[in-house]
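See below for the structure under consideration.
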Amino acid sequence: MGGSQPAVEMRGITKVYPDGVVALRDVDFTVRKGEVHGLLGENGAGKTTLMRILYGEIEPSRGEIWIFGRRVKFRGPWDAIRQGVYMVYQQFSLVPAFTVLENLILASSSMGRAKLQDVRRKAEKIEREIGLEVPLNARVEELSVGVQQKAEILKALMSEAKILVLDEPTSVLTPIEVRELMKLLSRLREMGITIIFITHKLREAKEITDRITVLRRGRVVKVVETRDVSQEELAKMMVGREITFDITKKAAKAGAPLLAVKDLWVRDDRGLMAVKGVSFELRAREILSIVGVAGNGQRELVEAIVGIRPVEKGEVVFSGESITQMPPSEVYRRGLVYIPDSRAVGLILDFNVTDNSILTRLKQFLSGGRILWSEARRYSSRIVKEFNVLVDSLRTPVRHLSGGNQQRLLVGREVASNPKVIIAAEPTHGLDVAATEYIRSLLLKLRDEGKAVLLVSTDLDEVFQLSDRMAVIYEGQIMATGRPEDFTAEELGLLMGGVKCEAKS
Amino acid sequence: MSAGKTGTKIAAIIIIIIIIAAAAGWWYTTTRPPAKKAKIAVLFDVGGRGDLSFNDMAWLGAEKAMEDFKVDVTYLTPPSLADMKPLLEEYASSGEYSLLVLIGFLWTTPLNETADKYPDQKFALIDATTGVVRPNEVDILFREQECACLMGIAAAGMAHTLGGDTVAACAGMDIPPLWKFHIGYLFGVKYYDLKMGTTTNFLWTYTGTFTDPSIGKEYTRGLLEQGAKVVYGLAGLTHLGSFEAVKEWHKTTGELVFAMGQDASQEWIDPEHIPISGAKRVDVAVYTAIKMVVKGPWEGGIITLGLKEEGVGIWDIDGVKWFAEQASSAGRLAPELTPDKVADTVSQLRETYITPEVWDLIHDLEDDIKAGRIVFKTPMTHDEYESIISALMAAQSLEDLNVALEKGSVS
Amino acid sequence: MRSEKLASWRLIEYTTIAVEITGSIALGLVVAGSILALLGYDPARGIFLLVFGGLRNPDYLLSRAAFIAMTALAFSIPLLAGVFNIGGEGQMYLGGLAALLAAVYSGNAAVAILAGGLAGAALGLIIGALKAYRDVNEVVSAIMLNLTLFYVIVYAITAELYDPVAPHESIKVPKGARLGVIRFGGLKLHIIFPLMLALVAVAYYLLYHTKLGYEIRASGFSPKAARYAGIDPKKTSVYSMVIGGFFAGVGGALNVVGFTYYIDNLLTCMYGMGFTGIGVALMGRNNPIGVALASIFFSMLVLGGSRMQMLMRVPKEVADTLSGVIIVALSLPYAYRMLISYIRIRRMVGVGAEQHS
């Protein structure tokens, strides 16, 4: 096809979901052949939706798609792959129990018969050409996330992808893996492959892309040449205003220790040791952050603390009493509450607001075995009022609430019981700026009221903004503990990637 | 809670529909044109029509009555036993039907609980009895022994023609109707032995089920391994497995063996291996009941149908062909067969393997029974049943056979 | 924009349900009518008789609904906890047998019903515990138990409990242990119907006003959220099976002690009613009140089918097919939505898990 033709041209794309939510509004999106094009936007801006439309996974309500100058209408991803478009999700499409080679065969056999030796030869050739190192005979589940991602990219190249879409590819990687990915992407660009890079991270966007399309609330804000803009300008376009982290944080005056974890060992769902001898102490009036790349034992750690997950070894002491292996409802009752990282876990989406308001406090609303609904409704309306949850009725199933309102309800429910310690896991994940600010200020306010907060987060901005102290976790072990100002970004990156620099505390 | 509210909305919608429906139903049922002819209802067993046996035969009798007496016959298959009593009450209370014909023993208790409440409604219970004599109820039973004994002679005759000396039966459950078959069948075999001077081994087995062909197949294979040449199927669906076992035995060992069916003509299922079937003429029973109502005289109580009334017997070639035709139109006949072919094959088998002497014996015994010279008494208890069987087994003369039958308490 | 959406969700929800139900009924009737027309029967008369013919005999209609409602609850309560109870059939058989024996030995209807319920509950416990603690698929174990129980009970009735006067029937429930009928002037009504309404009310109260009901629904909608809240979803699923089994067992008991007063040796008095309950449960949207109404509607179809046979000489098979078409049409949208939301929850929880793996 002609070199002047853009690789991708999407015109007037509009997507309205059946429930009336407009995800995209008249979006024009053009990617030149052979460039790395950033698709930048906050969570919920419509980046992934736009790319899933390109990939044939979602049908647009309106609009046209042109690939290399040809009008296309994909019926599904298989159609897109045949036309050279390949999308790598955050969640990889590899069979964990298969080897990399078997996964490649699986992918190619869906396009006709594939011979083992042919596939191997082709894979090895591609690996040589672009200097990709993926062990073909290793089982996928044994590989690190970074290598799995490479295997996924290899799979894309095997299917002769001309256009590669990467959805937040760095969110699951360590800083070192991120650097490797960037190198790999430059090589692919040299080979003439067009790359669409979905991200909300300014630094990465600035570093790797040639041009950037900024999306906000389903509309294109601007298309820019990367070298012409600064990170600050990008941030402004993305958020719609200057990012002012104007949450003022008073100096910490840590009080008495409230929660102590001593040499805790916990297994994950597969039975592997996920937390290996973690110890820390949390005091009143402080926010302690557990920082790390996702999947390094954070979830297992907090679940073991509140009693959802069995403890292999070690002790959890709360207010001077051991609460190790206590049932969760009892732990919550004593004043240690937990806000899980997923709203689908913290709330029952098919239950209504009142039902959800008593989820973790059922015992308080019982008389005999009977639920006292009138009291539950009173409690529920208190939460709704106090935490500004926007609902039309307490009978509304929580599913119909926006993410921000769900999170307000979830956090509100846990905080309304006046706990001593709050464990908050990814409390602002997927929220818009307003809701994020609300939650963060709330956590600070709670700290100032004398409560202790254990924040588990992968969002470094959040961690730096809120923490009084932070602990870096890597493969179930605490690598270092210290005050935020004790770490440089570089050091933190190394620690999170498992590299110990000179000993910190 | 939200689910609860949703339920209420659905409730409202459904209730409205029901109310409208009820009104419409009232209007509809009260404006129906009245019927002219005498109406008769046949209430089937839970299985209903299409069984190519009991229920279909009942319908055959009803159709014949419809033609002969110009009555209007309709039918119904109850969904389950729990429905029998309310349905029976519904039809009895409507007063629309001159006769309700109930097919099969499942109706016994529902009828017992209904009959007295509707003294003006006539009932006929086929192949079962409530044990109570009522002026408005007639129970029609069959003297199965009279058919089974003829089958016994045929079986013994065929076994010897095939070069063997063992006959067998694959029976359902150890219950009174099967006791009658056991006695009759054994009587026939002994009658043959005493007349022909042979000794025939007699095998009788209860499978414990009427509904499981795989069990029937298993049991029948066991019988064949013991040397049985002819196996009499007396277990409903279970003995369909016997037919299969017989066919397979012939195929694998090369040794020809036969099966015999019962109630309906079952030759069409495998005419090369089923030369003969015992007949239980439910059609005759239904026809008889309808005739009693239309032509009279009606008299409550128990009627038994035997050889004399043509209520039981051996299916003749016309009967065999009729059932093959039914099977053919229901699509159940093997594709390579036609009703004519079935009839031809069966009559050839009968000619080859049931010798004229055997037919003579059969006709002699038939005459004796019809003339009342031999009467089968029915056992009331399991003990009576066992004592009749052991007396028959030990019989040394025809006289002994008759003595054995006397041990029954119901004639 | 947000508040607009919030205000209208309820309208959308109810409109959807109303459209679903009317659409389903219309579709079911059109398909059923076409089948009739194709077979050469008068479709209007056939459909009319099928749907409304059963109203002629209200007592029969409502009594029949009574035990079907029980097996429907036996399916829907475990389903709310996320367990598929296909074993309602076997639980009903065993409940019926236990009730018969208890009635014979105690001479008391209440004891008999309780015995039936407990027998069913015990069976539910076995299936539920195998599922929760030994990971035995509940559908497989239930189907195997259904079959085994069928034969065991057939044997028990044929060989041990038969009535010497009518050997294909079991011994009868003694007069003193029978639940009879109530009469209002010329009308009569079997006691089992008001009893069923009371039991449905109990089920509703249990599900929506008690701790256990809350936990059952929470575990069914989201086992992960339940675990987070300190509810043991496995234990809860076992409880739900015990309760489901109890209702199925009571269904068998109501049948035997309140309607037929004996069991026949082929179990035709109960055969298939457990499976019927599944369709009725779906038709009733798994809600006790919906189940009660659906069971009545289902009875209408069964009785109407009989009317249609009688008056139009439509074969039983055709009548059953038509009822089936209508039931499937009524259950489909709900079954579909249930499936979709199940997948959606799994996906959401899965994405949540993805953050940490």
Side-chain angles (χ1 to χ4, degrees), chain B residues 1-4 6-11 13-15 17-18 21-22 24-26 28-29 32 41 44 46 48-50 74-87 89-91 93-94 105-106 108-110 112-113 128-131 173-177 208-212 381, chain C residues 13-14 17-18 21 25 48 51-53 55-57 59-60 63-64 67 151 154-155 158-159 162 165-169 172 204 208 217 255 259-262 264-266 268-273 284-290 293-294 296-297 300 302 305-306 309-311 313 315-317 320:
Chain B
M1 291 298 281
S2 70
T6 312
T8 326
K9 296 276 162 177
I10 300 166
I13 294 169
I14 296 181
I15 286 170
I17 294 171
I18 291 176
W26 184 255
Y28 194 88
T29 43
R32 262 198 356 262
F44 289 121
V46 172
R49 280 182 66 188
T74 136
Y75 65 87
L76 172 71
T77 309
S80 87
L81 179 105
D83 296 281
M84 288 180 151
K85 196 182 152 211
L87 281 175
E89 284 216 16
E90 188 176 324
Y91 290 106
S93 65
S94 74
F105 60 72
L106 283 175
T108 314
T109 300
N112 238 340
E113 291 169 354
T129 173
T130 56
M173 291 191 263
D174 190 355
I175 51 174
T209 164
F210 286 103
T211 51
D212 193 339
T381 64
Chain C
E13 189 98 346
Y14 289 147
I17 290 173
I21 291 186
I25 292 177
F48 187 87
V51 181
F52 306 125
L55 295 172
R56 278 167 47 105
N57 195 341
D59 172 47
Y60 172 26
S63 310
R64 213 177 187 293
F67 22 89
Y151 283 110
V154 163
Y155 172 80
T158 318
Y162 64 90
V165 179
H168 62 278
E169 292 170 8
K172 307 291 182 288
Y204 185 86
Y208 296 103
R217 291 182 299 124
N255 187 321
F259 203 67
T260 59
Y261 308 127
Y262 63 91
D264 60 300
N265 67 0
L266 296 174
T268 61
C269 61
M270 293 184 269
Y271 191 81
M273 286 185 188
R285 267 60 176 165
N286 272 329
N287 176 294
I289 297 168
L293 290 166
I296 295 171
F297 182 68
M300 283 169 64
V302 173
S306 295
Q309 281 179 63
M310 199 70 175
L311 297 178
R313 292 214 188 130
K316 179 175 184 291
E317 290 72 16
D320 288 350

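Bear in mind the structure is a predicted one, so any value in this text is a computation, not a measurement. By convention in this document, chain letters (A, B, ...) are assigned in the order of the sequence lines, proteins followed by strands, and residues within each chain are numbered from 1.
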Answer with side chain, backbone, both or neither: which region of [X] has an atom nearer than 4.5 Å to a non-hydrogen atom of chain B?
X       : answer
R64(C)  : side chain
Y271(C) : neither
M273(C) : side chain
T158(C) : side chain

Checklist entry - Quick one: does NZ or CZ of K172(C) land under 6.0 Å from the six-membered ring centre of Y261(C), within 45 degrees of the ring axis? => result no

Checklist entry - Rounded to the nearest 0.5 Å, what separation is found between the CZ atom of F67(C) and the SG atom of C269(C)? => result 8.5 Å

Next on the checklist: If I take atom CG from residue L311(C) and atom OG1 from residue T74(B), how far apart are they, to the nearest 0.5 angstrom?
Outcome noted: 7.0 Å

Checklist entry - Partners of D59(C) by side-chain hydrogen bond (donor to acceptor under 3.5 Å, both in side chains), sequence neighbours excluded? => result S63(C), H190(C)

Next on the checklist: Once ring-ring contact (aromatic ring centres under 6.0 Å, His included) is applied, do any residues pair with Y162(C), and if so which ones, sequence neighbours excluded?
Outcome noted: none

Item to check | Max heavy-atom pair count under 4.5 Å with chain C, selected residue of E113(B), E89(B), M173(B) | outcome: M173(B)

Next on the checklist: I need the residue from L106(B), L87(B), D83(B) with the largest number of non-hydrogen atom pairs under 4.5 Å to chain C.
Outcome noted: D83(B)

Checklist outcome for this item: Per-residue tally against chain B (heavy atom, under 4.5 Å) across Q309(C), M310(C), E169(C) peaks at M310(C)

Checklist entry - Using the ring of each side chain (for Trp, its six-membered ring), is F52(C) parallel, tilted or perpendicular to F48(C), with breaks at 30° and 60°? => result perpendicular

Checklist outcome for this item: Honestly, the part of P177(B) sitting under 4.5 Å from a heavy atom of chain C is neither

